[in-house]
Protein chains: 2
Amino acid sequence: MAVPPAPSVADPVATAAARVSKHDTRRDQLAESALTTLGQLGYAKTSLREIAQHSPYSHGVVHYYFSNKEELITYCVRYYKRTCVTRYDEIVSSSETAEELQSRFAAKLAETIREEGPMHQLWYDLRNQSMFEPALREVVLEIDGQLEAMIWRVISRYADLAGRPAALDPSTTYGMLDGLFAQSLLSWATGPREAREDVLAVLSARVDTLMPSLLA
Amino acid sequence: MAVPPAPSVADPVATAAARVSKHDTRRDQLAESALTTLGQLGYAKTSLREIAQHSPYSHGVVHYYFSNKEELITYCVRYYKRTCVTRYDEIVSSSETAEELQSRFAAKLAETIREEGPMHQLWYDLRNQSMFEPALREVVLEIDGQLEAMIWRVISRYADLAGRPAALDPSTTYGMLDGLFAQSLLSWATGPREAREDVLAVLSARVDTLMPSLLA
DNA sequence: CCCGATTCTTGACGACTGTCAAGGAAATCT
DNA sequence: AGATTTCCTTGACAGTCGTCAAGAATCGGG
């Protein structure tokens, strides 16, 4: 993951740096444990003890690496975001026709629910909680903006490939697609397990047929 | 609100009915107190004691009228729904041209955020919590279906007035519009108060310009 | 190998939660 | 009027929460 700690030498700078990196590695490790717990239980029902139980450590260690529950949570969200907001960039850069981008994007939307469903549930949970908890607003606003930009990279590239301009502004486009995504996620998460693949197929089909009308 | 209790007469049927109606009136009264609390604090941070504090009673009374917290919550949601899922029906029945329905619907979407913002925040909160809490799924699914039907009454009437068929199925249409609505609600709830009217104006404008493309 | 710093565990605290039982207050009935 | 049912308050319970302090375990440099 990160660089392994340097072998012990009498270099106070290097060892101090290794220390810092180890400290950060532990924070990331705890963040990962926290994220799986949060994805399973949701923001409200996730306690620090529960997070610690999904990690190799005991519940007290959280306060050694994070001063607050709040700090842990926001650190988690940013950690999660790091890997998340570039999800479609490979598709954007490697697709060579509008049709290819369209169908691969539609398929990828469904795939990310299948592969990372709980993480998306957590995101929508946190985004909603930010309406009640001011402490979450800053980080939610930041990530929401990045998600909008991510979607806009797809759509503007799509417009380029098709040789037609986008019909809507970035925010409206994001709002609509996000609505469809959230709708499918909800029914994926709450419906019967046997129906999950059908839900994802429907999402793909919808986005696939909808995308042409996002261009003028 | 409900019929006032009948004056005391020696009619066991009437008095029993009055008793029941009084019992139900109290339940509704508690539900209303609970809804304002839930709308302010969100599902996670609302305790029974907090609900009671927003009502004329003490915290123990909740268990006299409801057996569970869960029963109270689901009762609240259904109670709220009663007045809610017909919000656009007056517009649907009284609009005489597609253009009128379009602009009045767009305006009403914004108005309901302005007038009942916290209730909508609560709805999205509960809908999300249903992904983590199976107990909420039944009632959420039921109301979500009614909301979809409500939106579809608007759009199908809109299509009739315009003399063109709807371009999308009810579920997709609902998902898209709901996404835009939720997006505006989020920024209405978390943004600065001075910007609220702007947010609502943007929502109205977006829906207004988007609606024609919902027809084939 | 030993000492000091770092890392982690354990146990405790005050506060809060849903739930419930006991009993007082109020309304109703005879 | 008294008796009885209904309504509501109070106080307590077992449990969980975030937080923190004290000390054990572990690790690295001399």
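In what follows, every chain begins at residue 1, and chains take the letters A, B, ... in the order their sequences are listed. Quick caveat: nothing in here was measured; it's all calculated off a predicted structure.
In this structure, the side chain of Gln183(B) engages the main chain of Ser171(A) through a donor-acceptor pair within 3.5 Å. Of the possible polar contacts, none joining the Ser95(B) side chain to the Val92(B) backbone as a donor-acceptor pair under 3.5 Å is found. No side-chain donor-acceptor contact under 3.5 Å links Thr112(B) to the backbone of Leu109(B).
At the phosphate of dG18(D), neither OP1 nor OP2 sits under 4.0 Å from any side-chain N or O atom of Asn68(A).
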Requested in this report: Kindly determine whether Ser184(A) and Arg206(A) satisfy side chain to side chain donor-acceptor pair (under 3.5 Å), including the steps that lead there.
Outcome: CA-CA 11 Å; Ser184(A) 294; Arg206(A) 281 182 184 174; 5.5 Å; no
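Within residues 129-139 of chain A, no residue has any heavy atom under 4.0 Å from DNA chain C. Residues from residues 39-52 of chain B lying near DNA chain D, meaning a heavy-atom separation below 4.0 Å, are Arg49(B) in numerical order. A heavy-atom distance below 4.0 Å to DNA chain D is reached by these residues of residues 57-65 of chain A, ordered by number: His59(A), His63(A).
Remark: P of dT7(C) and CG of Leu30(A) are 13 Å apart, rounded to the nearest angstrom. Following rounding to the nearest Å, Ile73(A) (CD1) and dG18(D) (C1') show an atom-to-atom distance of 12 Å. If you take CD of Gln53(B) and C1' of dT9(D), they are 14 Å apart, rounded to a whole angstrom. Straight-line distance from the CZ atom of Arg26(B) to the C1' atom of dA27(C): 12 Å, rounded to whole Å.
Across every non-hydrogen atom of Ser130(A) and Thr190(B), the tightest pair is O-CG2, 3.6 Å. Looking at every heavy atom in both residues, Ser204(A) comes nearest to Ala110(A) through OG-CB, 3.4 Å.
Donor-acceptor pairing under 3.5 Å is recorded for the side chains of Arg104(B) and Ser94(B). A donor atom on one side chain and an acceptor atom on the other are not found under 3.5 Å apart for Asn128(B) and Gln121(A). Under 3.5 Å, the side chains of Arg26(B) and Tyr57(B) contain a donor-acceptor pair of N or O atoms. At a cut-off of 3.5 Å, with distance as the only test, a side-chain donor of Tyr124(A) or Asp178(A) sits close to an acceptor on the other residue.
Between Tyr65(A) and His23(A), the ring-plane angle classifies as tilted under the 30° and 60° cut-offs.
For the helix from dC1(C)-dG30(D) to dT30(C)-dA1(D), the angle separating the two terminal helix axes comes to 10°, with each axis derived from five pairs and the value rounded to 10°.
Considering only residues two or more places apart in sequence or on other chains, Arg49(A) meets the salt bridge (charged side-chain N to carboxylate O under 4.0 Å, His left out) condition with none of them. Every residue two or more places apart in sequence or in another chain was checked for a ring-ring contact (aromatic ring centres under 6.0 Å, His included) with Tyr174(B), and none qualifies.
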